[in-house]
Amino acid sequence: MKSIIIDVGGCDRPDRLIDGVVQAAKKHGDYAFVFVGDKAIVEPHIPSGLNNVSVEHAPTVITNDDSPTHALRQKSDSSLVTAFNILNGSEDAIGLFSGGSTGAVLTGATLLVGRIKGVHRPVLASLMPTSIPGKVVCIADSGANVDSKPEFMAQFALMASEYIKAGFGIEKPVVGLLSVGTEDKKGDERTKAAHALIKELPLEFAGNMEARDALTGVYDVIVCDGFSGNVLVKSTEGTAKMVMGKVKEALTSSLKAKLGALMMKKALKSLKASMDYHSYGGAPFLGVKKIVVKGHGSTNEVSAAASVDMIISLHENRVLETIEKSISGAAEPKADVVQ
């Protein structure tokens, strides 16, 4: 039976993460789920008779205050390192999900799992909703590589495109390069060099795009360095939260507004669900040899269950294999840019 490893340590609400994975385990009875963390925290949330769930006791936690590389070495008994060891030690272990320290998860995936041959840097690929119902856009990179070279960004485009193709059935994902204008020559030297490289790849490249168009649904993949991508994702999440707060404030401001809100209850519920980033699960770390999905520190039941679904989808659609083929089949990109 194929298994999925769940790192419980390090997230804000481990109880909610556990409950979400338990819901997923009930749905996916043909997969095994291994929780790694403090048994005293995990076991009370596992219902009796759920035979595809087990617990590996590892109470030590790597926190956001720890230096990732140092912590991976010094806290070898931590839940995260133990989870990676289980992932690496079994052919049946297909993926790992963690809501812990982003730096530690990404460092562990790179150093302990290892990169796919030919991959310069793995990429964190976050999903965000768009104005087209049911359509998402992938941000690559959303925070793994804050200092990216043009060569890295070209590979981000390849890997994210294969992810969207296999995971969402989009035959020719439209790729945009985040910049300060749509003209080819806009942007800093790194962006201009990345543009030239991506243009030569066998992709549906639409050229430069501006951040205000990120959620229009025009693009399936947005390529950027990890610094810009992280700012884009978090500012968008913050804006969505602010807008929903203002809508709620307006709809409760008077009796007439409350009556109107009551009539619009179903539509408002649907709007809230579409703007909730938790419903899209975590972000896969593309370019390493096994599936690693990083969840928000605030992972709840919805995002935990969605992250499990993501791991299973990535596995069943053989995304790692398609990424490996795309990297090996692409010409080695080069850019004469000083970083």
Side-chain angles (χ1 to χ4, degrees), residues 1-114 281-282 285 288-301 303-305 307-308 310-312 315:
M1 181 182 286
K2 300 300 182 182
S3 60
I4 298 171
I5 317 304
I6 311 296
D7 169 38
V8 177
C11 63
D12 299 338
R13 290 289 304 273
D15 55 328
R16 302 192 72 178
L17 182 151
I18 296 163
D19 288 343
V21 174
V22 166
Q23 291 172 19
K26 292 176 180 178
K27 183 173 69 171
H28 299 289
D30 49 345
Y31 285 87
F33 295 82
V34 181
F35 285 102
V36 184
D38 190 339
K39 279 189 175 182
I41 295 175
V42 180
E43 288 183 339
H45 294 270
I46 300 177
S48 59
L50 193 59
N51 299 322
N52 62 332
V53 172
S54 61
V55 183
E56 183 73 22
H57 186 58
T60 304
V61 174
I62 292 177
T63 70
N64 288 319
D65 294 327
D66 290 322
S67 167
T69 303
H70 180 79
L72 290 172
R73 292 172 180 166
Q74 298 300 315
K75 294 186 175 181
S76 58
D77 61 340
S78 65
S79 61
L80 182 60
V81 175
T82 303
F84 274 123
N85 289 338
I86 296 172
L87 180 68
N88 287 332
S90 171
E91 291 185 3
D92 289 330
I94 64 167
L96 179 149
F97 170 60
S98 175
S101 162
T102 300
V105 173
L106 302 188
T107 302
T110 303
L111 299 181
L112 302 180
V113 176
F285 194 45
V288 292
K289 294 177 181 177
K290 285 203 173 183
I291 300 166
V292 176
V293 173
K294 170 65 182 74
H296 283 273
S298 59
T299 292
N300 61 15
E301 296 88 344
S303 53
S307 296
V308 168
M310 177 183 290
I311 290 173
I312 292 173
H315 169 67

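Numbering of residues begins at 1 and proceeds along the displayed sequence. Computed from a predicted model, the values in this text were never measured in an experiment.
Here the options are Leu96, Val81, Val55, Ile86, the test is side chain to side chain contact (heavy atoms under 4.5 Å, CB included), and the partner is Val36; only Ile86 passes.
Of the possible donor and acceptor atoms, none in the side chain of Lys75 sits under 3.5 Å from a partner among the backbone N and O of His70. In this structure, the side chain of Lys290 engages the main chain of Ala93 through a donor-acceptor pair within 3.5 Å. In this structure a side-chain-to-backbone donor-acceptor pair under 3.5 Å is present from Asn88 to Leu112. With hydrogens and angles ignored, the 3.5 Å screen pairs a side-chain donor or acceptor of Thr299 with a backbone N or O of His296. Judged by distance alone, with hydrogens and angles left aside, the side-chain atoms of Ser101 form no donor-acceptor pair with the main-chain N or O of Ile62 at under 3.5 Å. When atom types are taken as modelled, the side chain of Asn52 and the backbone of Tyr31 share a donor-acceptor pair closer than 3.5 angstrom.
Taking CG from Leu80 and OG1 from Thr107, the interatomic distance works out to 9.5 Å, rounded to the nearest 0.5 Å. To the nearest 0.5 angstrom, Thr102 atom OG1 is 3.5 Å from Lys294 atom NZ. Summarising the geometry, atom CG belonging to Asp92 is positioned 10.0 Å from atom CE belonging to Met1; distances are rounded to the nearest 0.5 Å. The distance from the CZ atom of Phe97 to the CG atom of Leu87 is 14.0 Å, given to the nearest 0.5 Å. Interatomic distance, Ile291 CD1 to Ile4 CD1, rounded to the nearest 0.5 Å: 8.0 Å. The CD1 atom of Ile6 sits 5.5 Å away from atom CD1 of Ile311, with the distance rounded to the nearest 0.5 Å.
Looking only at side-chain heavy atoms (C-beta outward), Val21 and Ile18 stay at 4.5 Å or farther from each other.
Contact record, Leu17 with Ala304: O-CB, 3.5 Å, taken as the closest heavy-atom pair. Across Val61 and Gly10, no two heavy atoms sit closer than the pair CG1-N, 3.4 Å. Considering every non-hydrogen atom in both Lys2 and His315, the closest pair reads CG-NE2, 4.2 Å. Closest heavy-atom contact between His57 and Lys39: ND1-N, 3.1 Å. In terms of heavy-atom proximity, Ala305 sits nearest to Ala24 at CA-CB, 4.3 Å.
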Passes side chain to side chain contact (heavy atoms under 4.5 Å, CB included), Phe35 versus Val22? Steps please. CA-CA 10 Å; Phe35 285 102; Val22 166; 4.2 Å; yes
Begin from the C-alpha positions of Leu50 and Lys26 and carry the test side chain to side chain contact (heavy atoms under 4.5 Å, CB included) through to its verdict. CA-CA 7 Å; Leu50 193 59; Lys26 292 176 180 178; 3.9 Å; yes
His28 vs Phe33, side chain to side chain contact (heavy atoms under 4.5 Å, CB included): CA-CA, chis, key distance, verdict: CA-CA 10 Å; His28 299 289; Phe33 295 82; 4.2 Å; yes
Tell me, with the steps shown, if Thr69 and Leu72 meet side chain to side chain contact (heavy atoms under 4.5 Å, CB included). CA-CA 5 Å; Thr69 303; Leu72 290 172; 5.7 Å; no
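With no hydrogens or angles considered, a side-chain donor-acceptor pair links Asp7 and Ser79 at under 3.5 Å. A donor atom on one side chain and an acceptor atom on the other are not found under 3.5 Å apart for Asn85 and Thr82.
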